[in-house]
Amino acid sequence: MTRSILALEAMTVAYGKVEAVHGISLSVQPGSIVTVIGANGAGKTTLLNAVMGVLPAGGHVTFDGAAVDGYSVEERVALGLALVPERRELFSSMTVEDNLLLGGFRTTAVERSRSIAEVFARFPRLRERRGQLAGTLSGGERQMLAMGRALMGRPRLLMLDEPSLGLAPLIVRDIFEIIMSLKKTGVSILLVEQNARAALHAADHAYVMELGEVTAEGPAASLAADPRIVESYLGLGGPS
Amino acid sequence: MDSTIVLFLIQDGITNGAVYALLALALVLVFAVTRVILVPQGEFVTYGALTLAMLDVGKVPGTAGLLIVFAGLALLVEGWSSRNRMSAQLIGRLGLLYVVPPLVIVLLTLWLAPMKLGPLPQALLAIAIVAPMGPYLYRIAFQPLAEASILVLLIAAVAAHLSMTGLCLLFFGPEGLRAAPLSGASFTLGPLPVSGQNVAICIAAIGLMIALYLFFGRTILGKALRATAVNRLGARLVGIRTALSGQIAFLIAAAIGAFSGVLIAPVTTIYYDSGFLIGLKGFVAAIVGGLVSYPLAAAAAVFVGIVEAFASFWASAFKEIIVFLIIIPVLLVRSLTTTHVEEDE
């Protein structure tokens with residue numbers, strides 16, 4: 001087996017005295033899509049924020065074989081981690097183009113102009129909106145901009161937090177198509193989703209999180225066929 | 001009062017307003033990027049003005065020693081905070097940031113000061129001595145508090161102001177100083193005599209504003225500063241270090257302060273504590289701009305300057321009171337028109 005691009009070992013995250021993530025271990029193989037599914041409040045967003053260094057965490061985070069515990073957010077970005085957060089965190093009073101250029105803040109001007117051409121090729125809508133302020137974009141366009149901005153930094157691991165949240169079904173389909181096409185470029189993806197059906201369809205490997213713990217894991221296809229998962233997350237009554 | 005006096009007062013007001021506008025821009029910038037209300041902004045004006053006045057008479061200014069003090073303290077703070085990961089590379093970085101620049105500037109000052117190089121080189125040297133104190137001040141007093149509330153940052157800013165005023169008294173003494181004008185020219189515009197210094201102040205202020213506009217609109221570093229102001233977490237996620245943004249904002253603020261000091265040193269006698277009132281007037285303008293809008297702050301600054309000029313003509317004893325009264329209706333309108341927002345961290 002090849003070396004994992006990301007490995008979490010017994011990761012714990014607490015808000016004050018309340019622990020939200022209880023000792024999670026997880027790994028992402030290079031070039032694969034791994035998804036973490038689970039209900040609201042399971043600790044998925046907390047987990048991603050801790051991997052990115054936004055929240056302090058216990059346990060160990062290894063990125064491409066090197067321990068990154070205690071690294072700041074900026075240092076993790078420099079190593080090739082990128083997070084597209086649930087709230088997108090765009091620069092709303094700046095143009096689409098400026099948002100993208102800032103995504104490549106750590107790269108050279110030449111790399112930035114090459115990366116922006118690639119992002120525009122992948123998201124033609126952003127090219128049309130390049131002079132518009134980010135705050136005036138629609139929900140789907142914001143998600144595209146947030147992903148485009150993260151890609152501008154040429155990350156090796158892209159973490160997506162609920163990319164389908166609040167989007168119309170047609171746009172969700174577009175976003176997932178883009179996620180699957182990104183995999184072909186060699187970037188590894190850690191995807192957190194409530195939309196379990198779409199996430200399991202896109203992913204190679206999956207983890208199910210409940211109340212801060214991993215309760216099931218395995219190849220995405222076999223989890224999608226597991227009756228318990230089907231009942232809790234894919235059934236008509238569950239969130240879809 | 002005839003039209004000549006009116007024109008003269010307006011000229012005076014615009015000149016002062018131009019300087020207040022620069023200070024207001026610096027205050028808005030620093031607040032937007034770091035949430036610090038930069039009370040010591042005026043001290044940078046004093047430092048710049050007194051430095052130029054000393055260079056004018058061929059003496060080594062006290063700010064050269066002050067720069068060493070600032071750099072030394074910043075080096076101590078930075079060294080202490082990274083004591084657990086000392087490496088040759090880190091020591092090299094510390095030297096490059098905290099030892100080499102002050103040393104070069106101070107040696108240059110010792111060498112150039114007795115030569116009396118003339119107004120322009122002296123002005124540049126004065127700015128070069130004062131500007132690096134900005135990032136050092138940020139490293140010493142504000143970077144360790146980066147996550148603190150606005151109130152805590154304000155208290156630290158007041159403390160920085162008081163210590164910087166005290167240091168100024170220590171290094172320059174209580175005497176007021178005035179520098180030779182950058183331009184001795186004067187001419188008449190219709191009935192109005194215009195001094196070259198006033199024109200120089202306005203042109204320099206407008207030039208600096210254009211330069212700042214280009215910096216924030218065109219360069220990636222300027223955009224990164226704006227991004228930090230708009231969304232701190234977003235900025236961190238693209239790899240912009242909050243500390244770097246803070247240091248650059250303070251560098252620009254200190255440079256603007258020193259620049260303003262150099263501009264007004266020939267028209268006003270500056271004492272060790274003069275900067276505070278000058279900074280406060282920039283602050284009035286910044287408040288009118290709501291601490292967010294640059295054009296509004298700049299326009300308000302010119303208004304403050306003109307009000308001040310007329311106030312000193314009609315009721316010079318109440319000049320400062322009248323200027324600071326401007327802030328009351330503005331605050332009143334703001335508090336009535338905006339809904340209260342909890343500080344969101």
Side-chain angles (χ1 to χ4, degrees), chain A residues 48-49 52-56 70-95 97-113 115-116 133-135 142 145-155 158-159 161, chain B residues 28-29 31-34 78 81-87 89-90 93 143-144 146-147 213-249 289-297 341 344-345:
Chain A
L48 286 196
N49 282 333
M52 198 63 214
V54 178
L55 292 172
Y71 277 44
S72 67
V73 176
E74 298 84 349
E75 286 167 324
R76 292 178 203 222
V77 172
L79 285 176
L81 276 140
L83 170 66
V84 178
E86 190 178 338
R87 290 161 48 121
R88 323 303 191 222
E89 308 293 353
L90 298 172
F91 308 122
S92 52
S93 58
M94 300 175 77
T95 63
E97 187 164 4
D98 280 350
N99 270 271
L100 290 174
L101 288 174
L102 285 165
F105 178 70
R106 301 197 76 101
T107 63
T108 64
V110 178
E111 284 174 310
R112 273 198 293 276
S113 58
S115 307
I116 207 166
L133 296 184
R142 276 170 206 241
L145 179 55
M147 287 171 69
R149 187 180 71 175
L151 290 172
M152 285 291 295
R154 304 195 163 266
L158 181 64
M159 295 188 282
D161 193 354
Chain B
V28 173
L29 166 67
F31 181 73
V33 174
T34 65
E78 178 71 36
S81 78
S82 49
R83 64 190 181 282
N84 292 329
R85 30 187 200 138
M86 273 298 162
S87 62
Q89 195 193 359
L90 189 71
R93 210 179 74 93
Q143 194 174 319
E147 304 301 322
Y213 177 77
L214 293 177
F215 172 71
F216 287 111
R218 301 283 167 82
T219 68
I220 190 80
L221 207 56
K223 286 173 184 174
L225 280 186
R226 277 164 61 207
T228 311
V230 175
N231 189 327
R232 208 172 301 271
L233 177 59
R236 296 186 70 197
L237 288 175
V238 297
I240 301 167
R241 288 194 303 121
T242 317
L244 178 73
S245 305
Q247 288 179 349
I248 295 172
L291 279 176
V292 284
S293 163
Y294 295 95
L296 208 56
V341 187
D344 183 21
E345 297 294 317

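Each chain gets a letter, A, B and so on, in the order the sequences are listed, and its residues count up from 1.
Heavy-atom pairs under 4.5 Å with chain B were tallied for A:Met52, A:Arg149, A:Met152; the largest tally goes to A:Arg149.
A pairwise comparison of heavy atoms in B:Ala297 and B:Val28 identifies CB-CG2, 4.2 Å as the closest pair. A:Leu133 approaches A:Ser93 most closely through the heavy-atom pair CD2-O, 3.6 Å. Closest approach of A:Ala146 and A:Val84 over heavy atoms only: CB-CG1, 3.6 Å.
Residue-level contacts of residues 101-109 of chain A with chain B, in order of numbering, are A:Leu101, A:Leu102, A:Gly103, A:Phe105, A:Arg106; threshold 4.5 Å between heavy atoms.
For the residue pair B:Gln143 / B:Glu78, no side-chain donor-acceptor distance below 3.5 Å is found, with atom types taken as modelled.
At a 4.5 Å heavy-atom cutoff, A:Arg88 makes no contact with chain B through either its backbone or its side chain. If you measure heavy-atom distances from A:Val54 to chain B, the contacts under 4.5 Å come from the side chain alone.
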Donor-acceptor pairs are to be reported for all side-chain atoms of residues 231-243 of chain B against protein atoms at under 3.5 Å, with residues two or more places apart or in another chain.
| unit_1 | atom_1 | unit_2 | atom_2 | d |
| --- | --- | --- | --- | --- |
| B:Asn231 | OD1 | B:Leu233 | N | 3.2 |
| B:Asn231 | OD1 | B:Gly234 | N | 2.8 |
| B:Asn231 | ND2 | A:Glu89 | O | 3.4 |
| B:Asn231 | ND2 | A:Glu89 | OE1 | 3.0 |
| B:Asn231 | ND2 | A:Leu90 | O | 3.3 |
| B:Arg232 | NH1 | B:Val33 | O | 3.0 |
| B:Arg236 | NE | A:Glu74 | OE2 | 3.1 |

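Atom CG of B:Leu29 and atom CD1 of B:Ile248 lie 10.0 Å apart (nearest 0.5 Å). From B:Ser87, atom OG reaches atom CZ of B:Arg93 across 9.5 Å, with rounding to the nearest 0.5 Å.
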